[in-house]
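All remarks here apply to the structure that follows.
Count residues from 1 along the sequence.
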Amino acid sequence: MDIEGRKVLVLGGYGLVGMAVCREILARNPSEVQIHSLRVEESERAVSELQAEANGAQLRVSAGDIFSLQGTVSLAANLRSQIDVLKEETLAGFLLYELLKEAKPDIVVDCVNTATGIAYLDIYSAAGRVQEQLESGSLSDAAVEELLGALYIPRLTRHIQVLYRGMIDAGTRVYVKVGTSGTGGMGLNIPYTHSEERPSRVLLSKSALAGAHSMLLFLMARTPGAPITKEIKPAAAIAWKSIGFGPIHRKGQPIYLVDTEPAPLGETFSTIDPQAARLRNEVLESVYIDTGENGIFSLEEFAALTTAEQMEFVTPEEIARNLIFEIEGGNTGHDVINALDNAVLGPTYRAGLLRHWALERMIELEEEHGVHSVAFEMLGPPRITKLLFEAHLIRLAFESMIEVRTSSAEEVCERLHRLIRESPDVANELVAVGIPILLDSGEIVRGQRVLIPSEAQEEPVTPQKLNAWVHDGWADLRMENCRLWVDRFERIYKETKSIPEADTSSRHLRTRRFWKHGDRIQPGKVVGWVLSVEEQGGRIKH
């Protein structure tokens, strides 16, 4: 995509890589660059530093936690927003969704270290406290809430859901992520940890999250209508922002010099002992290199880190240039999503040949044993089982798709009800796998257990709930759904009729021959069409 004249949102824009990305983008004359950081002063500082390079582009500021609800909300509300089913009313409450909806960026560049931000909530410490309290019989609400808040996968999954919906609703065309390997490109022998473990569980969790993140982006890239999705994943230390001399701070706090003398070790030892040394009112000053989010290092720390066979390093400018080249349609060879696309093993020619023979044999066995092999509800979700059985019932009641589409909804409804009344074994097969049948009268044919809703006990039946249950996993013989099935077969007919009979090329997939000229209702093919065409659930990578 040509960046000139486009609106760009840079998440984590004040960071080491974020600033390098902003500079590269501004050099290509966008109409607007919005810089988002966790704190508004960081975004404002970034705009101040970049103003001289804006070249007429509008620089905008935004700030806040892109993983949480916006505004001041309770801890319980934030936890529920991460764990509950994502609903429209919840979606609108996420800061990231509202940010995208308002900014309407053509391009989103994500420089936030997502894996670190989530994994360093430290689920191990939180779980340890819960375990200790369970063993002592004094489990506190605070410990449980801390553990729930630290759960990695729900937070990452919800983040991707919100990001995807936000970009779809904003009309975003390109999304590029600056990811992480979690270990700076090193292996399980990485010597740089902040604990006695080697490797650290928390560090490995960060790498695990980074991998999970890449796979979710891989799925987003395979979603019809989603933005073009790419990820650049540096596998080295990233440096640097500045080199200088001055006060040294660690985790935002100055390191003060002390006066101390040798003393006996003693029989006990404490990591904190104010009497062990006298604190001077003098901050440690030294030469340092600022590596942005990774902190500041001394000369010798940086020398050790970046020497051969250690983490070594890559510059933020190199990352930014690779990223921009990918946005503009280039192929750097460093897009992780493209690498996954090329490396995964997809459908094969051999499997295609064997599929034909497998289906033939199963049809032979159906005829031999006088059964219909429709659905066992092992494929999931129950909606697919429901659709397969609805198509099957129509197959039993009508001879062909032609007959269905030339019938009225009333006739389809009447025939299906007659089938259920006169052939109880047909209904029994549906309810045996957990799919109830809702009749037009409002009556229900069901077994001892139904799949939808899950684990309901004395659940009140409202029209809204009933429609949701029927959509998700009940065979629906009501008039409106019969009308929908007539319309489906009409759409299939129009789709195939639009293909010239003389066109025997490879251009079209679902031809008259595919549908056997409308003579047979084949539930698997019909439901495949519903999922791909009607519900936009089709595969775009083959």
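Using modelled atom types, one side-chain atom of Ser200 and one backbone atom of Leu203 make a donor-acceptor pair closer than 3.5 Å. Of the possible donor and acceptor atoms, one in the side chain of Thr180 sits under 3.5 Å from a partner among the backbone N and O of Gly182. Remark: side-chain polar atoms of Arg383 are paired, donor with acceptor, to backbone N or O of His471 under 3.5 angstrom. Arg446 places a side-chain N or O within donor-acceptor distance of the main-chain N or O of Gln448, the cut-off being under 3.5 Å. At distances below 3.5 Å, not a single donor-acceptor pair connects side-chain atoms of Lys206 with backbone N or O atoms of Thr183. In this structure, the side chain of Glu293 engages the main chain of Leu16 through a donor-acceptor pair within 3.5 Å. For the pair Thr90 (side chain) and Leu86 (backbone), a donor-acceptor distance under 3.5 Å is absent. Remark: the backbone N or O of Arg201 is paired with a side-chain donor or acceptor of Ser205 at under 3.5 angstrom. Side-chain atoms of Glu312 never come within 3.5 Å of backbone atoms of Ala236 as a donor-acceptor pair (strictly under, hydrogens ignored). A donor-acceptor pair under 3.5 Å is formed between the side chain of Gln536 and the backbone N or O of Val533.
At a threshold of 4.5 Å between non-hydrogen side-chain atoms, the residues Leu340 and Met215 count as touching. Leu163 has its side chain within reach of Met167: a pair of non-hydrogen atoms, C-beta onward, lies under 4.5 Å apart. Residues Gln310 and Met186 meet the side-chain proximity criterion, which asks for heavy atoms closer than 4.5 Å. Taking the side chain as every heavy atom from C-beta outward, Val176 and Glu326 never approach each other to under 4.5 Å. Side-chain contact between Val108 and Pro227 is absent, with no heavy atoms from C-beta onward closer than 4.5 Å. Within the 4.5 Å cutoff, the side chain of Val470 has no heavy atoms near those of the Asn481 side chain. Considering only heavy atoms from C-beta on, Leu477 stays 4.5 Å or farther from Leu438 through its side chain. Using a 4.5 Å cut-off on side-chain heavy atoms (C-beta onward), Ile160 and Leu217 make contact.
Heavy atoms from other residues, nucleotides or ligands lying under 6.0 Å from CD1 of Ile228 number 12 at most. Taking a 6.0 Å sphere around CH2 of Trp469, one finds it holds more than 12 heavy atoms contributed by other residues, nucleotides or ligands. Other residues, nucleotides and ligands contribute more than 12 heavy atoms inside 6.0 Å of the NZ atom of Lys541. Environment of CG in Asp141: sparse, with no more than 12 heavy atoms of neighbouring residues, nucleotides or ligands closer than 6.0 Å. Heavy atoms of other residues, nucleotides or ligands lying less than 6.0 angstrom from CZ of Arg539 number more than 12. Within 6.0 Å of NZ on Lys101 lie no more than 12 heavy atoms contributed by other residues, nucleotides or ligands. Atom CD of Glu459 has more than 12 heavy atoms from other residues, nucleotides or ligands within 6.0 Å. In the displayed structure, Glu535 atom CD is contacted under 6.0 Å by more than 12 heavy atoms of other residues, nucleotides or ligands.
In this structure, His36 and Ala63 approach most closely via the heavy-atom pair CE1-C, 3.2 Å. Across all their heavy atoms, Thr332 and Asp335 have their closest contact at OG1-N, 4.0 Å. Of all heavy-atom pairs between Ser68 and Gln82, the closest is CA-NE2, 4.4 Å. For the pair Gly149 and Leu121, the tightest heavy-atom approach, listed with the atom from each and the gap, is O-CD1, 3.5 Å. Looking at every heavy atom in both residues, Leu387 comes nearest to Leu531 through CD1-CD2, 4.4 Å. In terms of heavy-atom proximity, Tyr14 sits nearest to Ala46 at CD1-CB, 3.6 Å.
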Start with the C-alpha distance between Arg45 and Glu42, add both sets of side-chain angles, then the distance that settles salt bridge (Lys or Arg N to Asp or Glu O under 4.0 Å), and finish with yes or no. CA-CA 5 Å; Arg45 200 175 302 137; Glu42 293 175 338; 5.7 Å; no

Apply side-chain contact (heavy atoms from CB on, under 4.5 Å) to the pair Ile238 and Val314, showing each step before the final yes or no. CA-CA 5 Å; Ile238 304 172; Val314 60; 4.1 Å; yes

Can you list the steps and then say if His334 with Lys230 is a side-chain contact (heavy atoms from CB on, under 4.5 Å)? CA-CA 9 Å; His334 298 301; Lys230 296 173 177 285; over 6 Å; no

Where do Met1 and Ile107 land on the side-chain contact (heavy atoms from CB on, under 4.5 Å) test, with the steps shown first? CA-CA 9 Å; Met1 173 184 280; Ile107 302 165; 3.6 Å; yes

Applying side-chain contact (heavy atoms from CB on, under 4.5 Å) to Thr114 and Ile66, what does each step give before you reach the verdict? CA-CA 10 Å; Thr114 304; Ile66 62 171; 5.7 Å; no

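Remark: Arg173 does not engage Asp106 in a salt bridge, criterion side-chain N to carboxylate O under 4.0 Å. Looking at Glu88 and Arg165, a side-chain N of the basic residue comes within less than 4.0 Å of a carboxylate O on the acidic one, giving a salt bridge. A salt bridge links Glu390 to Lys386: at least one charged side-chain nitrogen sits closer than 4.0 Å to a carboxylate oxygen. Residues Arg321 and Glu318 are not paired through a salt bridge, judged by the lack of any N-O separation under 4.0 Å between the basic side chain and the carboxylate.
Rounded to the nearest 0.5 angstrom, Arg488 CZ and Trp529 CH2 are separated by 7.5 Å. Here the CG atom belonging to Leu91 is positioned 10.5 Å from the CG atom belonging to Leu69, to the nearest 0.5 angstrom. Taken to the nearest 0.5 Å, the NE2 atom of His392 stands 6.5 Å off from the CZ atom of Phe389. For the atom pair Glu146 CD and Leu79 CG, the distance stands at 11.0 Å (nearest 0.5 Å). Distance check: Trp485 CH2 to Asp476 CG gives 11.0 Å after rounding to the nearest 0.5 Å. Rounding to the nearest 0.5 angstrom, the gap separating the CG atom in Leu151 from the CG atom in Leu156 is 12.5 Å.
Ring pair Phe313/Trp240 is tilted by interplanar angle, where 30° to 60° counts as tilted.
A donor-acceptor pair shorter than 3.5 Å can be found between the side chains of Lys233 and Ser214. Between the side chains of Thr291 and Asn294, no donor-acceptor pair of N or O atoms lies under 3.5 Å.
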